[in-house]
Amino acid sequence: MAQLADLINLDLSDCTEKIIAEYIWVGGSGMDVRSKARTLSGPVDDPSKLPKWNFDGSSTGQATGDDSEVILCPQAIFRDPFRKGKNILVMCDCYAPNGEPIPTNKRHGAAKIFSQPDVKAEEPWFGIEQEYTLLEKDTNWPLGWPLGGYPGPQGPYYCAAGADKSYGRDIVDAHYKACLYAGIDISGINGEVMPGQWEFQVGPTVGISAGDQVWVARYILERITEIAGVVVSFDPKPIPGDWNGAGAHTNYSTKSMRSEGGYEVIKKAIQKLGLRHREHIAAYGDGNERRLTGRHETADINTFIWGVANRGASVRVGRDTEKEGKGYFEDRRPASNMDPYVVTSLIAETTILWKPSHSNGNGVAAP
């Protein structure tokens, strides 16, 4: 008699050419990832060859009940680590039936920026450090913490090993391998400063692909925590008080920054980021003011400062970049719940396309 696990793990290639495509999109809250599956007649490796689909937008906060159809347009394909075989995950964005992007479709605007000739010529690379917190499902309290209480102060938990310091490693490792299987450019993981908090890094990845990959990596994490009976939180400050928040530090470079003399290009780009500090903060995630307090490895939300190897700065430049005179920098302001399409495209727009005419009143403190 077949067991449930046997049926879930059935190898369909023995009996059919058909595959399953899981269509993924970002829901109405801007942080909820939704998905549904359909059968295709055979393997597909080009998103332009996939059929468009639709869903009930009134059930996701993306349309009204009297005109609820929203169109899914496939944009990127990944291998499916859950169904395996030739089955695929498909990252989509959302449009009204008339072809217009709906308001929650942040990918469309980002793709327009990344398709600009000046941006394409600079080959913008992104490396995104996605922090998150694992919570017990029934209590919404961090994994490994005493129920209703607190563990010992921060210090022993960062990159730690041991049952009294590291909580949820099986989930984290499962996610790491699943992302590699899917074809995501996941470059590493580590335990974070607050116990029960972890980080994975995606990149270096070019242009719009950074947003696609971070969203699919988030979807895979949601699925794995679902299997484990644990909740993943992307709240930028899940526990008030003397605990680190959760960010999505965004590492960035252009072709000019990676070339000889690139450090001067980096400094000019940082200057432009400082002039648009308010615009960036407004786009860098909800609740970020609870995290960017000037404490716990952050700069104050109202102040823009940059420095070399300074983890309390808005933007950090690495020692190697300073020494070699070229490389990348890290924007430490984005919150863990930021939209990677919005953040990556805004950084590219500000540093490559935007031409400041005068100071907008934001001070820029240099190291």
Could you state whether [X] and [Y] fall into the same hydrophobic cluster, counting links through intermediate Ile, Leu, Val, Met, Phe, Trp or Tyr residues with side-chain heavy atoms under 4.5 angstrom apart?
| X | Y | answer |
| --- | --- | --- |
| Tyr219 | Ile128 | yes |
| Tyr328 | Val214 | no |
| Val206 | Met91 | no |
| Val90 | Ile19 | yes |
| Ile102 | Tyr23 | yes |

Output yes when a side-chain donor or acceptor of [X] lies under 3.5 Å from a complementary backbone atom of [Y], and no otherwise.
| X | Y | result |
| --- | --- | --- |
| Glu122 | Ser256 | yes |
| Arg107 | Asp93 | no |
| Thr205 | Ala210 | no |
| Trp141 | Glu136 | no |
| Thr254 | Met257 | yes |
| Thr250 | Ala248 | yes |
| Asp32 | Ser29 | yes |
| Asp339 | Gly30 | no |
| His175 | Ala217 | yes |
| Ser68 | Thr64 | no |

Enter the distance from [X]:[atom1] to [Y]:[atom2] here, rounded to the nearest 0.5 Å.
| X | Y | atom1 | atom2 | answer |
| --- | --- | --- | --- | --- |
| Arg83 | Ile8 | CZ | CD1 | 10.5 Å |
| Asp331 | Arg316 | CG | CZ | 11.5 Å |
| Ile305 | Arg332 | CD1 | CZ | 10.5 Å |
| Tyr132 | Ser336 | OH | OG | 12.0 Å |
| Ile113 | Asp118 | CD1 | CG | 13.0 Å |
| Asn190 | Tyr158 | CG | OH | 5.0 Å |

Do [X] and [Y] touch side chain to side chain, with heavy atoms closer than 4.5 Å?
| X | Y | value |
| --- | --- | --- |
| Val26 | Thr104 | no |
| Val343 | Phe126 | no |
| Tyr252 | Thr351 | yes |
| Ser253 | Ile266 | no |
| Phe200 | Val172 | no |
| His249 | Pro334 | no |
| Gln201 | Ser187 | yes |
| Gln197 | Pro238 | yes |

So for atom [atom1], which belongs to [X], do other residues, nucleotides or ligands contribute more than 12 heavy atoms lying within a distance under 6.0 Å?
| X | atom1 | answer |
| --- | --- | --- |
| Leu147 | CG | no |
| Lys86 | NZ | no |
| Lys267 | NZ | yes |
| Lys323 | NZ | no |

Suppose we call two aromatic rings close when their centres sit under 6.0 Å apart. Are Trp53 and Trp25 close by that rule?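 Not under 6.0 Å, so no.
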Is the Tyr157-Trp198 ring centre distance short of 6.0 angstrom?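 Centroid separation for Tyr157 and Trp198: 6.0 Å or greater.
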How are the rings of Trp243 and Trp145 set relative to one another: parallel (under 30°), tilted (30 to 60°) or perpendicular (over 60°)?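 Tilted: the ring planes of Trp243 and Trp145 meet at 30° to 60°.
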What's the shortest heavy-atom distance between [X] and [Y], and which atoms?
| X | Y | value |
| --- | --- | --- |
| Pro47 | Ala76 | CB-N, 4.0 Å |
| Thr293 | Asp300 | O-OD1, 3.9 Å |
| Pro151 | Pro146 | N-CD, 3.8 Å |
| His277 | Asn302 | NE2-C, 4.1 Å |
| Ser259 | Lys255 | OG-O, 2.7 Å |
| Pro97 | Glu69 | CD-O, 3.4 Å |

Flag this pair as yes if the NZ/CZ of Arg34 is under 6.0 angstrom from the six-membered ring centre of Phe55 and inside a 45 degree cone about the axis; otherwise no.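 So Arg34 doesn't make the cation-pi contact.
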Under 6.0 Å from the six-membered ring centre of Tyr181 and within 45° of its axis: does the NZ or CZ of Lys177 meet both?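 Geometry flag: not set, cation outside 6.0 Å or 45°.
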side-chain contact (heavy atoms from CB on, under 4.5 Å) evaluation trace for Lys237 with Asp235: CA-CA 6 Å; Lys237 187 74 172 179; Asp235 189 288; 4.2 Å; yes
What I want to check is whether the side chains of Glu22 and Asn87 have a donor and an acceptor closer together than 3.5 Å.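 No pair is found: no donor N or O on one side chain lies under 3.5 Å from an acceptor on the other.
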Of the options Gln154, His296, Glu192, which is the one that meets Asn244 in a side chain to side chain donor-acceptor pair (under 3.5 Å)?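 Only one of Gln154, His296, Glu192 forms a side chain to side chain donor-acceptor pair (under 3.5 Å) with Asn244, namely Gln154.
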side-chain contact (heavy atoms from CB on, under 4.5 Å) for Leu221 and Gln130? Distances and angles first, verdict last. CA-CA 11 Å; Leu221 183 57; Gln130 176 68 71; over 6 Å; no
When you check the gap from the basic side-chain N to the acidic O, do Lys84 and Asp11 get nearer than 4.0 Å?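 Result for this pair is no, no salt bridge flagged.
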Determine, step by step, whether His280 and Thr350 satisfy the side-chain hydrogen bond (donor to acceptor under 3.5 Å, both in side chains) criterion, reporting the C-alpha distance in whole Å, the side-chain angles of both residues, the deciding distance to 0.1 Å, and the verdict. CA-CA 9 Å; His280 281 253; Thr350 295; 2.8 Å; yes
Go through Leu72 and Cys94 one step at a time and tell me if the side-chain contact (heavy atoms from CB on, under 4.5 Å) criterion holds. CA-CA 5 Å; Leu72 290 170; Cys94 301; 3.9 Å; yes
Residues Arg333, Phe304; criterion side-chain contact (heavy atoms from CB on, under 4.5 Å); working and verdict: CA-CA 10 Å; Arg333 296 171 296 172; Phe304 183 91; 3.6 Å; yes
